[in-house]
Number of protein chains: 2
Amino acid sequence: MTEERQAKKREKILEGALRAFLRDGYAANMDVIAAEGGVAKQTVYTYFKDKETLFAALVDRLMERFVLAGMTAELMELEPPAFFRTMTQIALQRMDDPEYVGMIRMIIAESGRFPELADMYLTKLVRPGIESLAQYIRESPSLNFSDPEAVARIIHGALVNFMISQEILNGKYSMPMGRERLASSLLELVLFAAEQAKRAR
Amino acid sequence: MTEERQAKKREKILEGALRAFLRDGYAANMDVIAAEGGVAKQTVYTYFKDKETLFAALVDRLMERFVLAGMTAELMELEPPAFFRTMTQIALQRMDDPEYVGMIRMIIAESGRFPELADMYLTKLVRPGIESLAQYIRESPSLNFSDPEAVARIIHGALVNFMISQEILNGKYSMPMGRERLASSLLELVLFAAEQAKRAR
DNA sequence: TGAAAATCAGACTGCGTAGTATGATTATAC
DNA sequence: GTATAATCATACTACGCAGTCTGATTTTCA
């Protein structure tokens, strides 16, 4: 049997799991997962030991997909205004991806049952993002904040929480706010503060 | 039968529910909930129609507890440095309350199954907090940001997300950062930016 | 004290579902 | 073209759990 064939089956299973878990969380039904993947239930169990393993594999794979979508080299070379504008826009665009949003919800929801996933999320996605951001701040002559990493966390937190309240908690209906408003104010906050920090030296 | 007696029973049930739901999420077992409350299972069902009702009642009550713990009048009268320092500290102190942290996790986790709870959280806790903050910014002569509400959301988001990553996702172990660092940088960011904004006029 | 209401313990029902077993069907490879 | 391995459909097992029922015990209050 071809490895390729195995890979295809595995892929179909994960596709079914993706849809079901995204819709129903960890409570998703294994029969349904198999059906959505167009695959026999038994086959699911030949590729994955049990539900936990499948869930972990799925979230893992989902995270992998978003690892690269971070800080590129060319981004890091922009001047602060363009850099923050671009970075913010990229971060906020993720709000439109139901798979990204669903992944975040699942990680938070199951952080009790699957602490390794929460850990992986922080290690693979959050930390690198914050570190790149902090590094950019640190190395920008025009931005001299006293604690670049803390500033990076503030920026990151503001963006992530905006997504959580707007998309996960449905704030886009009950307390909507355009992304541009958030983005502009964030830009204003950071650049003005940087300007003043420079002056204060 | 005394109303008071009913109230006591109801209270015991909710105490059991609190512990069980906080530990196991909505997956908590009704037998266990009754046992933890020191109450017969049947009694639970005389006070609450079903599990959903009980869960909603519990989260509702939990939110009620944190509604008042917001912006007090005297806080609003402080000058910006003291105001932000105090406000930030109050917000970050909630991280030490497992009931607060657990409530947030449950609301996010069950926002699919219980959208009304997510809505209530935004309406009763988040919006008032952001509005008070925005109002303070708007009415402070020394703070003239172009969009006070957006700035309020940024500050609020940074604080909430710090709690989520540190406490819910266990970042306090894998990527720890002291609250004072976050608080100081937030203060620096806001005050410096405000200073510059004033100058820019 | 005694009748009515509330609570109790615990058994029971019904259902959903994770995981397994089976025997038939299809694809792979030599 | 045949043997081998993979996949399929489906039935079955075992178990956990929400919600109900019952009959005994306790509390309330007149």
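Heavy atoms only: backbone and side chains are in, while hydrogens, waters and symmetry mates are out. Numbers restart at 1 for each chain; the letters A, B, ... are given by sequence-line order, proteins then strands.
At C/dA21, none of the side-chain N or O atoms of A/Y45 fall inside 4.0 Å of OP1 or OP2 (strictly under the cut-off). Contact annotation: A/T43 side-chain N/O to D/dC8 OP1/OP2 distance is under 4.0 Å. The phosphate of C/dA6 (OP1 or OP2) has no side-chain N or O of B/Y47 nearer than 4.0 angstrom. The side chain of B/K9 places an N or O atom within less than 4.0 Å of a non-bridging phosphate oxygen (OP1 or OP2) of C/dC8.
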Protein N or O to nucleotides 13-17 of chain D N or O, pairs below 3.5 Å:
unit_1, atom_1, unit_2, atom_2, d
D/dC17, OP2, B/N29, ND2, 2.9
D/dC17, O5', B/N29, ND2, 3.3

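One atom, CZ of A/R10, and another, C1' of D/dT7, lie 17 Å apart when rounded to the nearest Å. One interatomic measurement links the two molecules: NZ of B/K41 to P of C/dC12, which rounds to 14 Å at whole-angstrom precision.
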Open item on the list: Walk me through whether B/F66 and B/L125 qualify under side-chain contact (heavy atoms from CB on, under 4.5 Å).
Closed with: CA-CA 8 Å; B/F66 296 107; B/L125 292 183; 4.3 Å; yes
Task: Chi angles and distances behind the side-chain contact (heavy atoms from CB on, under 4.5 Å) call for B/F21, B/K51 - done: CA-CA 11 Å; B/F21 280 132; B/K51 192 181 184 180; 4.2 Å; yes
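Going from atom CD1 of B/I154 over to atom CG of B/L189 covers 8.5 Å, rounded to the nearest 0.5 Å.
Across B/T46, B/L58, B/V44, a single residue satisfies side chain to side chain contact (heavy atoms under 4.5 Å, CB included) together with B/I13, and that is B/V44.
Within a 6.0 Å sphere centred on CZ of B/R85, heavy atoms belonging to other residues, nucleotides or ligands number 12 at most.
Between the side chain of B/E110 and the backbone N or O of B/P115 there is no donor-acceptor pair closer than 3.5 Å.
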